[in-house]
There are 4 protein chains.
Amino acid sequence: MVAKQGHNSGAEGQLRALVSRVERIEEEITGLNADKADVYREARGMGFDVKALRQCMSERKQDPEAFHERRSIVDLYHSILRGKSGTAVATRVRTREGGDT
Amino acid sequence: MVAKQGHNSGAEGQLRALVSRVERIEEEITGLNADKADVYREARGMGFDVKALRQCMSERKQDPEAFHERRSIVDLYHSILRGKSGTAVATRVRTREGGDT
Amino acid sequence: MVAKQGHNSGAEGQLRALVSRVERIEEEITGLNADKADVYREARGMGFDVKALRQCMSERKQDPEAFHERRSIVDLYHSILRGKSGTAVATRVRTREGGDT
Amino acid sequence: MVAKQGHNSGAEGQLRALVSRVERIEEEITGLNADKADVYREARGMGFDVKALRQCMSERKQDPEAFHERRSIVDLYHSILRGKSGTAVATRVRTREGGDT
DNA sequence: ACAGAATCGAAAGTAC
DNA sequence: GTACTTTCGATTCTGT
């Protein structure tokens, strides 16, 4: 127990400080999100496909190796579900190796 | 080992079955969400405050005891942040009991 | 004014009915989500790559044409950002057709 | 080279600029979120109830008037659903004034 | 270290 | 068409 009854104002000051810090941070984040929205709005105004742009950027965040690995598995699943499963393709339906990262 | 080259079709069938099940489930969920939206639309049409209603229902999901406990802590924090902290109130600023779950 | 003072109990009954209906629906949804989680758990247990599976299923929800369209734009953006933009590729950087959807 | 078919090499530069700006913004946001998480971690370390704290802060974002209005309606709904509706309470079950937003 | 929970960001649908 | 609300997926953190 940090403070006796009637005198843990220290905790109150801490609470206020904590809240101030978080609110400050959240304001900044809000502003940045607004900036981001502006950029996307500009992009749309320039004729870019914003949704594709987002997808592109999210793919850029993954390292390329993992991305291609994932992509090939997804395509394999697609081919199976389309009923096109050949024998070659079938050899690695099961990932069996740590699977997802 | 059931499958080697050219014969783990079992895995393929399993994949298809899995996907079917999930897609079926998601269809049902979609339908139920539509139903829910309908009910809220009705509620609004009857003059209810839908936002308050949602909040009310979400509070009902918490067990009442935990809800009141949480509520009193939240109100305590409010009073401190408003600068109204009396000494009485201050006695339990710190939760000190495992805190949140 | 829908109801006289002290006599809009009808509204109360309506409120209860509305809440019951929504809660019923939400229970069902919760159950179905649990089922879905179970299926994915099974899938993982069978050695499938759940993340790839999710991606595959979400792609299946889009119609194939739009999907390939989107995919090609994304790839175009990738190629530009990698600095590989040739003139051929550059010809359709801008979507310029009201975009999709 | 600058101008040929389509002459939209400019579009490529624009795309890169757009992407840079967004990626820069997202880095900053990521950093700020990390800061926020740190603050909450501190708060927890000091014995505060982080979940209550979050709720408190989210309530602070609403203007107090609207908050109390909302709160009273929510409580009214609670009382009705608990079956405690007296006639006094019942007088304003229906909001009837555009209500939310 | 893995399963689970919770929080956060993105996307879709809807209301105005 | 814009803005908002809700829903979904993904990531992160905690507990075992």
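Since the model is a prediction, treat every value here as computed from it, not as a measurement.
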| Partner residues of A/H78 under the side-chain contact (heavy atoms from CB on, under 4.5 Å) criterion, sequence neighbours left out | A/R71, A/V74, A/D75, A/R82, C/C56, C/E59, C/R60
| task | Mind checking side chain to side chain donor-acceptor pair (under 3.5 Å) for D/R54 and listing every partner two or more places apart, or none if nothing turns up? | result | none
| What one-letter contact string describes nucleotides 6-16 of chain F from 5' to 3', where B marks a base within less than 4.0 Å of any protein heavy atom, S marks contact via sugar-phosphate atoms alone, and - marks no contact? | SSSSSS--S--
| task | Quick one: list whatever passes side-chain contact (heavy atoms from CB on, under 4.5 Å) with A/R21, sequence neighbours left out. | result | A/L18, D/V39, D/E42
Expected list for residues 25-36 of chain A: side-chain donor-acceptor pairs under 3.5 angstrom, two or more places apart:
| residue | atom | partner | partner atom | Å |
| --- | --- | --- | --- | --- |
| A/E26 | OE1 | D/K61 | NZ | 3.3 |
| A/E26 | OE2 | D/K36 | NZ | 3.3 |
| A/T30 | OG1 | A/E26 | O | 2.8 |
| A/N33 | ND2 | A/I29 | O | 3.4 |
| A/K36 | NZ | D/E26 | OE2 | 3.2 |

| query | Among all residues two or more places apart in sequence or in another chain, which pass the side chain to side chain donor-acceptor pair (under 3.5 Å) test with C/R41? | reply | none
| Atom CD of D/E28 to atom C1' of E/dG9: distance rounded to whole Å? | 17 Å
| said: Can you measure B/D35 atom CG to E/dG13 atom P for me and round it to whole angstrom units? | reply: 17 Å
